[in-house]
Amino acid sequence: MSEIKRIGLLCSGGDSPGMNCAIRSVVRSAINANLEVYGIQRGFSGLLEGNIKELDVSSVGNIIQHGGTILQTSRCPEFKEAETRKEAAHILKRKKIDALIVIGGNGSFNGAYTLHTEHGIPMVGIPGTIDNDISGTDYSIGFDTAVQTAIDAVDKIRDTASSHERTFIVEVMGRKSAAIALHVGVCTGAENVVLPSENVNVEEISNDIKRGIKRGKNSSIIIVAEGEKEGLSHRIQEQLKADFELDSHVCILGHIQRGGNPSGQDRFIASGMGYLAIEELLKGNNSFVTAYRNGHVVAAPFDECLEKKSEYLPQYINLVKTLSI
Ligand code: ATP
């Protein structure tokens, strides 16, 4: 492999709090090793538009505490086409970019890894998605902050729910991933959690609420993972009313969970991942993901990190139910 002098860096897919920490870490680790870093705005779309400019030490100053990403991000469906990736490879070559670092989820890693296998461009994936659903890594940047944001919101909802003796259905993010819902359910003392992979048993939810009322509970919180089809929380609300004569309120937390200042955990892990990305590239590793395994950031083969991991862990559902009797 020829010597690496110039690195490209982009974010792709959904943004997550802590991406800026990873950007800062990549840029400063690279400059420290006498490499140049070029920031690509708006993910693979920006790469195809040639929206690329050099990042210096100061350009990543004062960003560690901010959510979102200074590089912005995008979804670029046309990147699934070989011709588009060929064009991207040409642009990287023209800009004399020797290696590319992609911060994103498993979709972004599929795009990055295919670009590597087809065109030989050294490639690094840094896991960044609030869903924590990338195979091959125990953790992805943004999850801890997103969970804490949702916990803060549910705690506030619980205050009003108990004052008015109400049931709230709180919808959290996670199209296919159950991870946020499970963590938030356990940490807020929710009465029930509905996961994306489940058939919803509204009768069971109703029984749980009624049992709580009987023993003097003055509020119930049902956490619902958004799932792939919109409107699940409202369907549960309607069924609770129609079939079980239970009134409830729906609160959809939505994009609030993507923003906010990254937690200490997200800042720490993102900083470690950015540093390892540069260290491994300099060692000659030309295709890897900065995975988090057993409490450490390690270089893992790309092909172990391309799937969505399933976080359906029945023991957490049992935990929620046991603790909310
Ligand atoms: P998040 O989990 O936050 O949604 P993600 O990276 O999984 O992040 P996707 O929308 O799945 O998000 O993918 C982001 C982008 O990665 C896509 O818009 C596309 O540009 C690229 N991509 C996804 N899958 C592929 C693929 N199979 N081949 C090539 N490129 C892909």
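In each ligand, atom 1 is the first atom listed, and ligand 1 is the first ligand listed.
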Are side-chain N/O atoms of Asn32 and Tyr275 paired as donor and acceptor at under 3.5 Å?
-> no

For atom 28 (N) of ligand 1, what is the nearest protein heavy atom, given as residue, atom name and distance?
-> Lys80 CG, 3.7 Å

Residue that, paired with Asn132, satisfies side chain to side chain contact (heavy atoms under 4.5 Å, CB included) out of Ser140, Pro127, Ser177 = Ser140

Which residue and heavy atom of the protein sit nearest atom 9 (P) of ligand 1, plus the separation | Arg75 NH1, 3.5 Å

For atom 16 (O) of ligand 1, which candidate among Gly111, Ser177, Ser108, Gly104 holds the nearest heavy atom?
-> Ser108

Hey, can you tell me if Phe79 and Phe44 have their rings parallel, tilted or perpendicular (30° and 60° cut-offs)?
-> parallel

Does Cys21 offer a backbone N or O that forms a donor-acceptor pair with the side chain of Ser25 under 3.5 Å?
-> no

Answer side chain, backbone, both or neither: which part of Phe44 comes under 4.0 Å from ligand 1, heavy atoms only.
-> side chain

Distance to 0.1 Å, residue and atom name: give those for the protein heavy atom nearest to atom 27 (N) of ligand 1.
-> Asn110 CB, 3.7 Å

With the threshold set at 4.0 Å, does a side-chain nitrogen-carboxylate oxygen contact exist between Lys241 and Asp247?
-> yes

Residue pairs passing the side chain to side chain donor-acceptor pair (under 3.5 Å) test with at least one member in residues 60-72, sequence neighbours excluded, are Gln41-Gln72, Asn62-Gln65

What protein heavy atom sits nearest atom 3 (O) of ligand 1, and how far away is it?
-> Gly14 N, 3.1 Å

Hey, which atoms in ligand 1 end up nearer than 4.0 Å to a heavy atom of Asn106?
-> 7 (O)

When distances are taken from atom 15 (C) of ligand 1, the protein heavy atom at minimum range is Ser12 OG, 3.5 Å

So the atoms of ligand 1 within less than 4.0 Å of a heavy atom of Gly13 turn out to be 8 (O), 12 (O), 14 (C)

Nearest-neighbour protein heavy atom for atom 2 (O) of ligand 1, which is reported as residue plus atom name and distance = Thr129 OG1, 3.3 Å

Got a donor-acceptor contact below 3.5 angstrom from the Asp131 side chain to the Ile180 backbone?
-> no

Taking atom 18 (O) of ligand 1 as the point of reference, which of Cys76, Ser140, Ala112, Gly125 owns the nearest heavy atom?
-> Cys76

Restricting to heavy atoms, the pick from Cys11, Ser74, Gly107 nearest atom 22 (N) of ligand 1 would be Gly107

What pairs with Lys96 under side-chain contact (heavy atoms from CB on, under 4.5 Å), at least two apart in sequence or on another chain?
-> Arg6

Relative to the ring of Phe109, is the ring of Phe302 parallel (under 30°), tilted (30 to 60°) or perpendicular (over 60°)?
-> perpendicular

Would you mind running through ligand 1 and noting each atom that sits below 4.0 Å from a heavy atom of Gly105?
-> 5 (P), 6 (O), 7 (O), 8 (O)

